Every structure is written in C-alpha cells, then in structure tokens.
Protein chains: 2
Amino acid sequence: MTKRGQTAKEATVADVARAAGVSKAQAARALGGYGAVSEQVLSLVVAAAEQLGYRPNQLAKSMTTGRSNSIGVIVGDIENAHFGLALRGISDEVRDAGYTVVLVNTDEDPEAEAGAVQELLQQRVAGLIVAPCSSTETAHLESAQERGRAVVLFDRGIHGLALDTVRVDFADVALQVGRVLLDAGHRRVGYVSSLRIPEPYEHGMDLGLSPVADRVGGIERAYREAGAEWDASLVKLNAASDDTLAAACAELLDQPEPATAVVCSDSLIALGVLGQIKRRGLRIPDDISVVAYDDFLWTELVEPPLTVVAQPVYDMGREAARVLLRRLGHRVPAEQLPLRPHLVRRASVGAPRARTTTGSADHR
Amino acid sequence: MTKRGQTAKEATVADVARAAGVSKAQAARALGGYGAVSEQVLSLVVAAAEQLGYRPNQLAKSMTTGRSNSIGVIVGDIENAHFGLALRGISDEVRDAGYTVVLVNTDEDPEAEAGAVQELLQQRVAGLIVAPCSSTETAHLESAQERGRAVVLFDRGIHGLALDTVRVDFADVALQVGRVLLDAGHRRVGYVSSLRIPEPYEHGMDLGLSPVADRVGGIERAYREAGAEWDASLVKLNAASDDTLAAACAELLDQPEPATAVVCSDSLIALGVLGQIKRRGLRIPDDISVVAYDDFLWTELVEPPLTVVAQPVYDMGREAARVLLRRLGHRVPAEQLPLRPHLVRRASVGAPRARTTTGSADHR
DNA sequence: CCAGCCATTGAGACCGGTCTCACTTACAGA
DNA sequence: TCTGTAAGTGAGACCGGTCTCAATGGCTGG
C-alpha cells in the first residue's frame, strides 16, 4: 500500500496520464479542471490520480502560470502581540483567497527588511505586506513597487511613496490622550517607542506617516492649544531592545525633573516600561501615570488596570490583506473595514505628585 | 533607468547571457557560482546581470533542483504568545540556513491542520514543523512522513508515530506544582487547557505525548503519593475559544464545591481564567490560587504576580528548527539546547479559604 | 451528400533555472 | 613531438506543470 522508498518520487501528470492511458495534455486538463475533457477520460484520469496519490506540484504551477499563491509578510517583531494579531487577520483573510503566508521577522532592522524584500521577491510571492521599521530607508520598497509587485504598507506609511497603506488615524484619539494627561495636571509626559530614527526627536520632526507622528503630534497639539508647556525631549524613540528601552526609561525617570506620565507606543513597550517602573518602586498612578497603545487582555488585569488606546488590530490585518488581494485582482468586499481607535479609560492615569520645585527627586 | 512597464518582465539567465554575449549555460554558471567559469566571462556576466537588474527566480531554482528553501510551520494559534515566541525561534534559526517560513494558522482545528499539511506539501516545502492540535487525528502527519517529507512535531508528540518531537519534559516540574498546591492545602484543583479531546478527561486517559498529559499526571502523582484525594473531573479540556473557556471556568467555580486552585495550561488560558475570576469578584490567592504555564512578562505585573512554570519557548522553537535542519542534511550544532522548565514561585498560590462543609458557595 | 461547427484529443513548446555531455583549447610531462 | 589532464565552453535535456495549435471525428443545416 504505502511506498517504502524514502525519497518516494511524487507522481506527476505524466505518470497519471500513462496510467490512465491518455495524453499528458488530457490528464492535465482533467486534473486542472480546464479545457474540454470527456466524461470517460475524466473518470479514467481521476481514478489513476487517486491510485497513484497524485498531488499537483504548486511550484511548477506557479512557474508556468507566473501566478504565485503565496504572499509575503514582513514584520519587525512577531513576538509583539500587535503583529501576532495582525498576522492572524492577514492569514485568515488571505487563506480564503487561496494564498499562504510567508513570514519574515526583521528584528526591526532596516537591512534585514531590505534583504527580506529581496528574498521574497525572488521567491516570487504574489504580493507583500510590510510593516516598515523605518520611515526613511525605503529604497527596497520603492524598487519592489517599480518591479510591478503589489506592496501594502502596514501601520506605518511613508511620505511621497505611492504605496497603499493600511493604518488607523490616531490624530483624534491622540489629542484625547493629550487632554486627559493635561487635565490630570501633567506637564512632563514621556513617550516611548521602538520606531527607528537616526537622531533624537525634536519639535516638528518628520516621522513619516508613522503612527508615532500622529500620537506625539496629538499630545503636542493638546498642550499647545492649552498654552501649556511641552517638552519634546521626553519623546524617546529607538527603544527596540531591552537595553535601549531601559535607557529610555532611565532618561525619563531618573532625572531631577522626571516625567510624571509616560505614554507607551505599544504593548511590548508598555510591558517593559511597567517593569522599569516596578523596579524603581514607583506606584501607578500616584508616582507616575501610564497610557499604552493596544488593548490586550493583560492590560486590564494588571494593577491598576491600564488606560489604553484600543485599536482593531485584527481588522487592520484583514484590511491590509484585502487591499492587497484587490490589487492582485481578487474580488473582496468593497467597503473598508472601519479602523477607528478609541480611548479606554481605566485607572493608570492620575494627578502628578505634588513636588517641591527644587528639582530633587524624592522617591527612593 | 527604471522600467516604466507595470508588468516589468524580470530578466532571466537567458537575457543576461545574451547581453553578455555568452551561452546560457555559462551565464548560469557564473551567476550560480558553480562549474568552471573564466574570469573574463564572470565579469562580463556579472556586469550584464547588474545592468539588467537580474534576480534569480527561486521558483525555477527549487523546481529543477527539487530543493525548496522554505519550511512550513503549522500552529493552532499565532495569537498565543507561546507560538509567537516559538515561531521567532524557528524563524531565527532557519534563516541562517537560508530558509524562509511559510506559516499556517489552524485555529486549533484538526481539519484545517490536515488541509494545511496538504497545501504545504503541494508547495513543496522542504520540511514541516507542526504543533498538532490533536493527539489522536494524525493520519495527515503520518502520510507526510511516508512521502519522505521531514516532519518535526512541536510541543505535542504522538504515541506510536516515529516522528521527531521537540518538547520539554514536564514530569518533574508538574510534580512540583502538585506538591505546592497540596502543601498549601488544596484538595480541589482545576486544570484548564485548549487541548482537543473528543471526550471529557478521565483518570488514566491517554492524552498522547501532550504536555497536558505530563502536567496533569504530575499533579495527580503528587496527590496520589500523599494519599490525598484527586478529582479528575476538574480537568477541563477543549477550552479553545472564549465560550468554551468560560464554560470550563463556570464548571470549576460556580459549583457547590468549587475548585480552590486552578492550573492554566498556557498564558492565553491564564488570561481568560484571570478575567473570569475577576468578573466573579474572587480574589487571588485568598479565594482561589492560580498557577500558569509560560512565564511571559505580564504574569509578573498582574496583582498578585502569578506563580508560573517557565519554559524556554524561544529555544524550543530553535531546537525544533535545528532538528528539522539536521534532517534536511544541514550542519547544525550537535548538542541539544537544554529545554528544562522550572517553577517560578510568586504570590498567586495561597491556602484555600476555610469553608463550611455544607457545600454552599459563599462568595457573592 | 458535403461544408461548417464544435467537442475532444495529442504533440510539443514554454516557463527559468540546473546539469550532463561532448568538444575545444592550453599546458605539463615524457 | 605526442599524450594526458584539466579548464572553459555551448548545446540541449530536464523539472512538472500550462497552454497553443493542429488534427480528428461526430453532428447539423442546406
């Protein structure tokens, strides 16, 4: 019954044709469900295929047709639940259209990202969904686009690139975040993100179409509109590793005039920041207030529950996949999934501690 | 400079050969780095390739050589940080050997899993790493094995299948967990897992080489050795969705003699169980003790910090990849990564509440 | 009864690489 | 000078599908 040979050669159309006593062309037609095939030939071929355990070779199919059935997904860090969930959305949506997902993790490294694009293009994926780790180094994406490959950007857009981008607009919700902190009385609010940027953040710096731009901009605007002071030096980017994150926290917390509130750009950052806060023995929200982006289950279970900005990550993934599929000529629902973030107020934001103005921190 | 045509035909070896004025065979040799090629031809070809923007077609390469450069990974739920992290390990290890990862999410559905195996086999992946969602339905994995494809099982093994399996041995640590609960005075300890099993759990049921078997077995053994009572009906499997998880929690908590401790099979389950506990207004560890498998950052940040069994998930992923690569004839470090789990005692285990023996729950 | 149309069929080219094989040429050793 | 060896080269088969094209045969309308 079962072949013993380890390198069991797979049966090919030619094998099936031979077994069924018809031409290769006819067997291929019967198997592939195209062209004209008589009942008789059909059943002969189907029986032979069954008997030989024929399984079409997707590689050969892709090669001849030029159409691939896989799409490439490039993310900075699958460990990040944000991407995990998005990936799930992509995967679910794309599967219905008959595609599989080739995943590459870049560790938030632009070079690795460029390499991944190359590799996936060589693998002739039908299209690419990329969560770019840099808003500035984009040559590889442009080149992919130029080669006529469908590319969809996820989360982060890039100015001046005519690439489809799926991202949610954080302007409003970020403004809300700013106001919440402002109203609570905070004047020194930190922002921590893993976004790659060559230099430290400054006022009005172009962060591309990154959500970070929206989010920082929103807070800034809230303060500006209220005529309140806003310190851009408390925006800490490049916190992609444990070390850099720790450094960012140190800069925010271990200074004469520490931040009294910190906004975390995603749940992974939040986890790290929370750890740093805990290590210093600071209490939330008495000593420091915290707001995080992404509403994952655990944010409600920590003490105190975190005030967060919820975003429909799963649907964002689906939407990215839909945009891509559309570009590939598939029929997908025309309406766009509503991708609106909203603020979930819980208990991690409070009034800043009354401090002496002498500038010497009094904790620890 | 850049082609305008959208369907920009990619340059082929033949194109390069023509441009360089050499034969296709020579161009291929120069480009592929095999066979004998003179300096002169080499530079001519390289220049021509450069100029045409030649990019090898991985599909064609795989087809002719029969060697694919992608490996398939099938998991039940990428959303689960456990798999996310493992995937990362796999991805990192495999990339060094020049492979990419094709990922399929099965939603813990055995049928979807079987379909995924088919699909990936048709795509001619070099090998498969599967975290099987069932310990009983395994025909698709056997068949893949029989076809001479390398298959490595992750997390869950299957009795009687000669498949390489990467899993950690939980026997010792599970015994520890059992003793900790026993010593704290618990007599009714629940276990919640998403493992698919046709019927409810019973004493001595064969759960295959699933970690759940180890874990439940360890607790059971601790109680047996101490001559203490152990109620197998408190083992709740099949809790793969929000609903089934809620149902399992209801069965454990909303009964005359509720469980006084609950062990969560993974972090996703723990998140769900914690939510259910919170909803009921129960307090940890006063009203109920909790132990969870997988030590993710958030488990230390909840109140109280969770007592957990830590396992080297990332390394497990790497090890699975290594086993697979070895099977594919690659050289990888011979020693096996040590995959030892250990108990991290934090504050979520305490003594069960003294209860009246009348059997009426007094919470709420 | 014959042209015309259509369903069915097989031969063979093609996709873009790899690789075998035969052939040429250069050079070393005898 | 002759032979043996090795490097360099090109022609063409091959992988496993798809698809074009021409040929065949049955059936219909005039």
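So you know, we letter chains A, B, ... as the sequences are listed, proteins then strands, and number each from 1. Note: hydrogens, waters and symmetry copies are ignored here, and every other heavy atom, side chains too, is used. On a predicted model such as this, the values are computed, not experimentally measured, just so you know.
In this structure, A:Lys24 and A:Ser38 both approach DNA chain C, and ranking their closest nucleotides by distance from the 5' end singles out A:Ser38. Nearest-nucleotide mapping onto DNA chain D: of B:Val22 and B:Arg124, the residue sitting toward the 5' end is B:Val22.
The side chain of B:Ala25 lies closest to C:dC19 when the candidates are D:dC19, C:dC19, D:dT18. Distances from the side chain of B:Val13 to the nucleotides C:dG17, C:dC21, C:dC15 place C:dG17 closest. Looking at the side chain of A:Gln26, the nearest of the listed nucleotides C:dG17, D:dG10, C:dT9 is C:dT9. For B:Thr12, the side-chain atoms get nearest to C:dG17 when compared with the rest of C:dG17, C:dT9, D:dG16. The side chain of B:Ser23 approaches D:dA11 more closely than any other nucleotide in the set C:dG17, D:dA11, D:dT18. Distances were taken from every side-chain heavy atom of B:Thr64 (C-beta onward) to each of C:dG16, C:dC19, D:dG17; the shortest belongs to C:dG16. Distances from the side chain of B:Met63 to the nucleotides C:dG10, D:dG16, C:dG17 place D:dG16 closest.
The pair A:Glu10-A:Arg55 does not count as a salt bridge, with every side-chain nitrogen at least 4.0 angstrom from each carboxylate oxygen.
In this entry the distance linking CG of A:Asn69 with C1' of D:dT18 reads 15 Å, nearest Å. To the nearest angstrom, C1' of C:dT9 lies 7 Å from CZ of A:Arg29. The CD-C1' distance, from B:Gln40 to D:dA7, rounds to 14 Å in whole Å. Computed from coordinates, the A:Asn57 CG to D:dC15 P distance equals 12 Å when rounded to whole Å.
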